[in-house]
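Here the structure is laid out as structure tokens; the discussion comes afterwards.
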Amino acid sequence: MLIFILGIFCAAGLFITFKFWDKYGVEPFFATVINYLTSAVVSYFICAEKPTVASTVAVDWIPFAIGLGCISLVDFNLNSYVTKKLGIGVTSISSKLSLLIPVTLSIVLFDETVTGIKILGIIAAIVALVMISVRKGEGISKGVQWKKIYYFLPLFVFVGSGVNDFLMLSLGRVNSGADASDVTNVVFVVFIMAFLVGIATFIASMLAGKMSVEGFLKKRNVIGGVVMGLVSVCCFSLYLFGVGQLTERGWDGSILASIYAIGVLTISVLCGIVGFKERFSPLNYIGIVVALISIAILSATA
């Protein structure tokens with residue numbers, strides 16, 4: 001359980017890193033691609049047994065790893081686009097509600113037991129996520145010329161974030177009982193796939209005249225990406241270890257997904273209050289209380 005909790009705190013560290021990105025004007029796309037490269041390189045060098053193409057394609061987790069690696073940058077860019085068009089409020093709530101996808105798929109595909117208390121805890125977690133996410137002045141962006149496709153953008157965010165979270169959960173479950181070398185191999189494959197998607201996107205955009213190598217290699221983007229990459233390796237490795245260990249002990253994936261989502265958001269909010277003097281509404285604080293209650297309920301049902 002300790003490793004899973006450490007993974008939650010480490011994931012909150014990603015939030016702090018994003019805050020510094022905003023402060024120092026780091027360009028998210030460039031830094032994210034550098035982040036993937038950094039994570040891939042670090043995970044490769046800490047692997048006790050270096051991954052090869054032959055050893056990797058034979059393992060049962062490879063479809064999940066490739067899928068997660070490919071969808072990670074797509075999901076990131078989709079969230080950025082929707083935030084630009086509809087505002088951070090719409091994006092945030094859509095992504096938080098996406099918890100329904102890993103929870104539902106976990107119950108159905110992993111044949112989990114459903115009880116009234118468990119459903120109550122999951123509902124409380126989703127309500128808490130929305131209450132914490134709703135922020136004053138974060139509605140739909142002003143001055144945006146509305147298009148019919150915008151009606152579907154929140155749905156795209158909902159599905160993309162949900163599938164991303166379910167693939168992460170599945171990787172953790174598939175690797176239950178795995179040793180450190182196995183987990184770092186998974187981390188390497190996920191991040192190298194994400195980097196390849198990112199660099200391909202960059203090259204296509206550069207050829208179209210929308211991006212440049214100079215922009216990609218700006219000092220603040222490189223530093224921001226490297227720092228994020230180091231945090232990401234720790235975060236993802238701890239998550240896989242934690243989910244794997246708790247799966248072996250009989251914890252349901254739906255419970256783990258709910259506790260992880262609510263734990264990361266709650267700690268991130270507390271970091272915002274203490275470290276960045278962010279202001280939150282009474283609804284947000286009530287949401288934190290509901291979040292703690294939901295974690296207690298879900299932990300009791302494990």
Quiz item: For Ile223, which fellow cluster members are found when Ile, Leu, Val, Met, Phe, Trp and Tyr are connected by side-chain heavy-atom distances below 4.5 angstrom, either directly or through intermediates?
Solution: Val227
Quiz item: Cluster partners of Val274, using ILVMFWY side-chain heavy atoms under 4.5 angstrom, listed by chain and number?
Solution: none
Is the shortest side-chain heavy-atom distance between [X] and [Y] below 4.5 Å?
X      : Y      : value
Leu129 : Leu97  : no
Ser98  : Val159 : no
Thr113 : Thr115 : yes
Leu6   : Leu2   : yes
Val186 : Leu240 : yes
Asp75  : Val157 : no
Phe236 : Leu171 : yes

Quiz prompt | Full working for side-chain contact (heavy atoms from CB on, under 4.5 Å) between Met228 and Thr32 | solution = CA-CA 8 Å; Met228 178 67 82; Thr32 300; over 6 Å; no
Minimum heavy-atom separation for [X] to [Y], with atom names?
X      : Y      : value
Gly229 : Asn35  : CA-OD1, 3.1 Å
Phe241 : Ile3   : CB-CG2, 3.6 Å
Gly224 : Ala31  : C-CB, 4.5 Å
Ile46  : Val233 : CD1-CG1, 4.4 Å
Ala125 : Ser258 : CB-CB, 4.4 Å
Ile259 : Phe4   : CG2-CE2, 4.0 Å

Let me check something: any side-chain donor-acceptor pairs from residues 199-215 under 3.5 Å, sequence neighbours excluded? List them with distances.
residue : atom : partner : partner atom : Å
Thr201  : OG1  : Val197  : O            : 2.8
Ser205  : OG   : Thr201  : O            : 3.0
Ser212  : OG   : Gly215  : N            : 3.1

Quiz item: Are Leu169 and Tyr239 close enough, and set up right, to give a side-chain contact (heavy atoms from CB on, under 4.5 Å), and what steps lead you there?
Solution: CA-CA 9 Å; Leu169 179 66; Tyr239 176 84; 3.7 Å; yes
Quiz item: Of Tyr44, Phe195, Phe45, which meets ring pair (Phe, Tyr, Trp, His ring centres under 6.0 Å) against Phe188?
Solution: Tyr44
Has [X] got a side-chain atom pairing as donor or acceptor with [Y]'s backbone, closer than 3.5 angstrom?
X      : Y      : result
Arg220 : Gly25  : yes
Ser294 : Ala291 : yes
Asp165 : Pro102 : no
Ser43  : Ala40  : yes

Is it true that atom [atom1] of [X] has more than 12 heavy atoms of other residues, nucleotides or ligands lying nearer than 6.0 Å?
X      : atom1 : result
Phe15  : CZ    : yes
Leu283 : CG    : yes
Phe110 : CZ    : yes

Straight-line distance of [X] [atom1] to [Y] [atom2], nearest 0.5 Å:
X      : Y      : atom1 : atom2 : answer
Thr301 : Ile255 : OG1   : CD1   : 3.0 Å
Ile262 : Ile293 : CD1   : CD1   : 11.0 Å
Ile8   : Cys10  : CD1   : SG    : 11.5 Å
Leu265 : Met131 : CG    : CE    : 12.0 Å
Tyr36  : Ser72  : OH    : OG    : 4.5 Å
Ser254 : Leu109 : OG    : CG    : 11.5 Å

Quiz prompt | same_hphob_cluster(Val74, Phe29) at 4.5 Å side-chain heavy-atom cutoff | solution = no
Exercise. Would you please say whether a donor-acceptor pair under 3.5 Å links the side chains of Asn164 and Ser161?
Key: no
Self-check item: Pairs where residues 9-23 contributes a residue and the test salt bridge (Lys or Arg N to Asp or Glu O under 4.0 Å) is met, not counting sequence neighbours
Solution: Lys19-Glu278
Exercise. Could you list all the salt bridge (Lys or Arg N to Asp or Glu O under 4.0 Å) pairs where at least one residue sits in residues 98-124, not counting sequence neighbours?
Key: Glu112-Lys118, Lys118-Asp252
Quiz prompt | Steps toward side-chain contact (heavy atoms from CB on, under 4.5 Å) verdict (Phe216, Asn221) | solution = CA-CA 7 Å; Phe216 190 90; Asn221 294 336; over 6 Å; no
Quiz prompt | side chain to side chain contact (heavy atoms under 4.5 Å, CB included) involving Arg249 - partner list, sequence neighbours excluded | solution = Gln245, Leu246, Trp251
Quiz item: Taking the six-membered ring for Trp, are Trp21 and Phe18 ring centroids under 6.0 Å apart?
Solution: yes
Quiz prompt | CA sep, side-chain torsions, deciding dist, call: Val187, Ser39, side-chain contact (heavy atoms from CB on, under 4.5 Å) | solution = CA-CA 8 Å; Val187 174; Ser39 299; 5.6 Å; no
